[in-house]
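To start, the structure under review is shown below, and the notes come after it.
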Amino acid sequence: MRCSACVLLFSALLAATGAASPASAEDAYPEPGPRVGATVKDHVRRGRRARNAGQWTEAYAAYKAAFEAADPASSTERERAELAGELGLCELALRKYRDAAEHLAFSLEQRTALPLALQLRFEKGEREATSHVARLILSVDPPDAEVLLDGKQVGRVARTYLLFLEPGQHMVRARAPGRADGFHEFGAVAGTVHNIRMPLPRMAVSLAPEGAPASPKATRETRSSSPVVRAQAPSPWASWPGTLRIAGITATTATLSTGAVLMIRASTLDGDASEQRDGLTRGTTSSSSMCWQASQRSSCGALRRLLDERNLSDGLGTALLITGGVLGAVTAASFFTDFSFLGLSPAQERIHVSPVATGRETGVRIEGRW
């Protein structure tokens, strides 16, 4: 009986030792905290077995499920950082470079909670993943603004974002209540860092909301206390007759000024031609028309050029003065015309025109309501 009891006790100890073999201990979740759930442990064991077997699709699905199930209430900071790093390595093996860079960066944000061997392993994976994507450092003011990348909302809210993007064109939008929206479109290049700052300016806010109905009592008080404001007649210059009058005055002034300048020039040229003609005929017995028979002489050629310029300036000046007079007459007549029959502008008060003659100038004085 004693030998049989010894055999049974030895068998029990052997079975207990076999249950704690290195193979079974390797499948256990490394240093699980007391709060981690059994579901997370199962996902981690399944993911590790698939990873060791080179089955990256199954390992990715298992580690993703474990990472999503490990919420802050049921896991430690180290557990979440390790799960994010393992998930990123699986995504790197599947060439999901953007997701791999995001999860590895998230894991290394808590690098102080990770063992040195895992830090080095995750840093190597992050360097490989970021070489295939672009990094965006986005600063937003105010920090609680909503950020959308290519139309999709960025989950967390922060003053500065570190985002990983696939190469190509991207659109960043930020919006906040009471602020103007911010937009920025750029082309992302793999392996580069893009810095974008988006301050959102404040929008002018009216004191009273639009469309807010006022109470009947407030409306009656406003009507009784506010002074009666009569509608002012529209300015004559706001309608098309006023515009034509302004154009007529401008054209008349310009035409008369140019014509006067040309007439003054013609008078000056006439004096120069007379002096030159007198110089040619002085001391000779020939007539003043000698230049018409001696076209080869240089002095006669200069005289003819002066005469031609004088005639041209005189003709143009006369024509411009006549044109300016006509434009002025038409413009002045428009002030005496009532355009109310056209229904475009109300009739205006008449103006008073009186001639003015002084020792220095002669003209017409126009008085009225403008």
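Counting from 1, the numbers follow the sequence of the chain as shown.
Remark: Glu166 does not engage Lys96 in a salt bridge, criterion side-chain N to carboxylate O under 4.0 Å. Residues Arg98 and Glu102 are paired through a salt bridge, judged by an N-O separation under 4.0 Å between the basic side chain and the carboxylate. Contact check on Glu309 versus Arg265 returns a salt bridge, with a Lys/Arg side-chain nitrogen under 4.0 Å from an Asp/Glu carboxylate oxygen.
Atom CD of Glu109 and atom CG of Leu114 lie 11.5 Å apart (nearest 0.5 Å). The structure places SG of Cys90 at 10.5 Å from CD of Glu58, a figure rounded to the nearest 0.5 Å. Rounding to the nearest 0.5 angstrom, the gap separating the OG atom in Ser267 from the CG atom in Leu262 is 12.5 Å. Arg197 CZ to Ile137 CD1: the interatomic distance, rounded to the nearest 0.5 Å, is 14.5 Å. For the atom pair Leu104 CG and Arg127 CZ, the distance stands at 11.0 Å (nearest 0.5 Å). Note that CG of Leu87 is 10.0 Å distant from OG of Ser107, once rounded to the nearest 0.5 Å.
Ala129 and Ala101 make their closest contact through CB-N, 3.9 Å (heavy atoms, listed as atom of the first residue, atom of the second, distance). Nearest heavy atom pair, residue Pro72 against residue Arg80, reads CA-NH1, 3.3 Å. Between Ser75 and Asp71 the shortest heavy-atom distance is OG-O, 2.8 Å. Of all non-hydrogen atoms in Leu200 and Ala145, the two that sit nearest each other are CD1-CB, 3.9 Å.
For residues 136-175, the set of pairs meeting the ring-ring contact (aromatic ring centres under 6.0 Å, His included) definition, not counting sequence neighbours, is empty.
No donor-acceptor distance shorter than 3.5 angstrom exists from the side chain of Asp270 to the backbone of Ala266, with no hydrogens or angles considered. Side-chain atoms of Glu91 come within 3.5 Å of backbone N or O of Ala100 as a donor-acceptor pair. A donor-acceptor pair under 3.5 Å is formed between the side chain of Thr192 and the backbone N or O of Val189. Between the side chain of Glu82 and the backbone N or O of Glu79, no donor-acceptor pair lies under 3.5 Å. At least one donor-acceptor pair under 3.5 Å links the side chain of Gln119 to the backbone N or O of Arg111.
No side-chain heavy atom of Phe183 sits less than 4.5 Å from a side-chain heavy atom of Val172. Residues Leu149 and Leu163 are in side-chain contact: their nearest non-hydrogen atoms beyond the backbone lie under 4.5 Å apart.
In this structure, a donor-acceptor pair under 3.5 Å is absent between the side chains of Thr130 and His132.
Looking at residues two or more places apart in sequence or on another chain, you find a salt bridge (Lys or Arg N to Asp or Glu O under 4.0 Å) between Asp181 and Arg173.
In the hydrophobic cluster analysis, where Ile, Leu, Val, Met, Phe, Trp and Tyr join through side-chain heavy atoms closer than 4.5 angstrom, Met171 is grouped apart from Leu138.
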For residues 251-259, dump all side-chain donor-acceptor pairs below 3.5 Å to protein atoms at least two apart in sequence or in another chain.
unit_1, atom_1, unit_2, atom_2, d
Thr252, OG1, Gly248, O, 2.7
Thr252, OG1, Gly328, N, 3.2
Thr253, OG1, Ile249, O, 2.8
Thr255, OG1, Ala251, O, 2.7
Ser257, OG, Thr253, O, 2.7
Thr258, OG1, Ala254, O, 2.8

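In this structure, His43 has its ring center at least 6.0 angstrom away from the ring center of Phe67.
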